[in-house]
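Here is the structure we will look at, set down as structure tokens.
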Amino acid sequence: MTENPTASLTLLSDLTPPSLERTWLTAPHPSLPIVATCSSDKTVRVYSLTNFRLLSTISGGHKRSVRTCAWKPHVQGESVLATGSFDATVGIWRRWDSYGRAEDGTDVRGLSSETLDGNGRDTQEYEDDEEWRFAVLLDGHDSEVKSVSWSPSGMLLATCSRDKSIWIWEDLDDGDNNFETVAVMQEHEGDVKCVAWHPVEECLASASYDNTIRLWREDIDDWGQVACIKGHTGTVWYLDWEGIGNVPSTAAVCEQGTSLSAEWKDQRAMSGPRLASCSDDRTVRIWKRRPKEQRAQSQVGSTGIPSIIRPTGTDETWEEDVLLPQIHELSIYAVAWSKRTGLLASVGADGRIVVYEELFLTSPARTPDTNTPTDTSAIIPRTHTEWVAIAILEGAHGIYEVNHVAWARRADRCRKENEEVLITTADDGSIKVWTLRR
Amino acid sequence: MASEMQNSNPTILNAADLPKRLRPAPSRKPGIFGNGLFASALPFVYASKLPPEGFTSSSESESDDDDLLEEPIDEQEIYDLVSTISDPEHPISLGALAVVSLPDISITPTLPYVPASPLRTVTVLITPTITHCSLATVIGLGVRVRLEQSLPPRFRVDVRIKEGTHSTADEVNKQLADKERVAAALENGTLMGVIAKMLETCQ
């Protein structure tokens with residue numbers, strides 16, 4: 001291993017009390033300092049990131065393990081959570097935003113430590129549970145739901161299952177909790193393990209037991225597959241998109257940094273954000289779309305008339321951008337690509353947490369920097385980057401497998417401006433919050 | 001269950017020919033780890049005081065002094081745990097049907113590059129009685145469930161079809177290795193009913 005870690009992960013806190021059974025995933029709220037953790041005990045626990053304590057437990061909605069959950073973005077004054085379960089259903093839950101707000105750790109709802117002692121099964125928690133309103137159950141999948149994801153606008157909800165299908169539902173937002181089925185896509189040849197929406201566009205990525213990643217867009221009225229990425233040699237477990245406007249670290253090349261960043265942004269504007277994936281084949285890969293411009297040109301060259309059926313030429317070509325340093329020895333279950341820092345983290349069956357950073361490379365050939373916009377500039381990237389593993393933590397949850405990782409804004413008293421924490425979720429039910437020290 | 005038997009006349013080994021520990025130690029009886037919930041809490045110190053066994057072909061030389069104290073589980077122990085499982089078709093044990101056999105069981109460090117790691121991978125290769133047996137997945141799941149319920153959590157269970165013994169081995173192996181699918185299967189009442197029946201004969 002050529003990696004030379006330059007940063008370290010330090011445990012900030014556990015989220016307590018933990019589930020006594022396997023936990024699958026922890027979803028940070030888009031604006032509030034709270035997270036939701038899905039458990040095999042059929043419940044979802046909501047924890048505070050300010051004091052790391054349990055706020056409430058959502059139970060009674062699912063008959064089997066809750067495998068996944070996602071917060072609906074852009075909801076005012078209310079939190080909306082979608083949950084997906086092995087019982088083949090998707091639940092939608094609502095709660096007014098009157099809690100979890102107390103930034104200093106004192107809880108606005110008077111949740112004393114007394115409430116949280118023991119098993120958290122006393123009357124006060126019961127009242128808390130009352131405030132999570134079960135809104136609707138989305139029924140359609142034939143078997144276990146594995147992943148749910150809200151579109152960037154919050155209008156669409158994508159769900160996927162072992163039944164090999166992906167469903168897209170539209171939240172009608174009619175005050176009556178009505179959802180309409182917009183599309184059912186069945187091209188995958190195996191369980192669909194993960195769905196993830198593009199950060200700004202209505203483009204969905206899916207990962208599967210059939211070892212492929214597929215991309216989906218709406219064309220006029222029909223949702224269809226626009227790309228099928230084959231590259232992994234095992235089940236693709238998880239996906240995460242690059243943030244809009246992400247730029248690799250220029251620390252290593254400070255003099256050229258500004259021009260490199262500008263050039264990078266120009267290139268990215270054409271290809272859009274990249275997609276990270278992790279797999280049973282023990283690799284993390286990053287995929288990028290071949291810039292749109294080239295395709296547009298070739299189309300004009302061929303006929304000059306845009307196709308009637310697919311006016312925008314919906315088929316996209318995605319290619320491997322990079323294979324990340326191979327640090328994991330077993331299945332990699334999740335990746336998290338920070339939208340704030342551009343750092344990427346991965347976790348898996350070997351119990352390791354790995355954090356990677358993308359750095360610009362200094363290439364002597366390009367020091368004169370003749371910035372002539374030629375045709376080749378779109379094809380051959382002039383900005384070279386390298387991914388390095390900056391932190392590796394062995395046995396993050398002891399002997400247990402780590403199922404999920406997520407970045408969240410740090411919210412406890414000791415936080416610095418815009419600091420992030422890493423949240424990992426494991427087989428023994430534990431959820432840990434980490435800080436990264438550079 | 002299938003209405004017709006897939007293999008109505010299997011070869012059965014004589015019970016006396018099955019591999020056994022020559023000098024059974026009281027603390028190593030199969031079943032001492034049988035209670036899944038408390039298995040990890042059981043102390044293993046008694047077994048470690050016994051002289052090392054020389055007759056099992058342990059692929060791993062337990063040279064690490066500290067590890068030795070916590071390494072009483074060997075291939076024979078694993079065999080004892082899974083050989084008593086019943087075939088879903090016949091009231092005969094997997095050991096007697098030679099679906100599982102001692103040479104096809106191995107225990108290796110899960111993370112060989114991390115010497116300090118206590119993780120161990122138990123690999124059990126299954127030989128289905130006939131090459132197209134559709135119950136191979138159920139048998140594999142039964143073995144996996146049995147081991148996961150019996151072994152301490154630092155053990156990773158890897159159950160696979162022995163190479164060349166089954167027509168759809170890759171497919172079955174991928175299913176058995178998929179943690180999410182196995183977890184979901186354990187919540188499937190019908191399937192667990194079949195597995196529970198297979199495990200009834202285990203002590």
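A note on names: the letters A, B, ... follow the listed sequences, proteins ahead of strands, and every chain is numbered from 1.
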Please state whether the side chain, the backbone, both or neither of B:Leu111 comes within less than 4.5 Å of a heavy atom of chain A. both

Need one label for B:Ala183: side chain, backbone, both or neither, based on atoms under 4.5 Å from any heavy atom in chain A. both

Toward chain B, the part of [X] with a non-hydrogen atom under 4.5 Å:
X: A:Tyr333; answer: side chain
X: A:Arg162; answer: side chain
X: A:Asp427; answer: side chain

Against chain B, work out which of A:Glu144, A:Lys63, A:Arg22, A:Glu401 has the most heavy-atom pairs shorter than 4.5 Å and name it.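 Of the options given, most contacts go to A:Glu401.
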
Regarding B:Arg160 and B:Asp158, does a basic nitrogen lie under 4.0 Å from an acidic carboxylate oxygen?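 Salt bridge present between B:Arg160 and B:Asp158.
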
For a 4.5 angstrom cut-off between non-hydrogen side-chain atoms, does A:Trp93 reach A:Thr83?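 Side chain of A:Trp93 against side chain of A:Thr83, heavy atoms only: contact under 4.5 Å found.
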
Which heavy atom in A:Gly61 sits nearest to a heavy atom in A:Asp87, and how many Å separate them?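 Answer, listing the atom of A:Gly61 first, then A:Asp87: O-OD2, 4.3 Å.
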
When you look at NZ of B:Lys179, are more than 12 heavy atoms from neighbouring residues, nucleotides or ligands closer to it than 6.0 Å? yes

Under 6.0 Å from the CD atom of B:Glu171, do we count more than 12 heavy atoms belonging to anything else shown?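 Count not over threshold, so no.
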
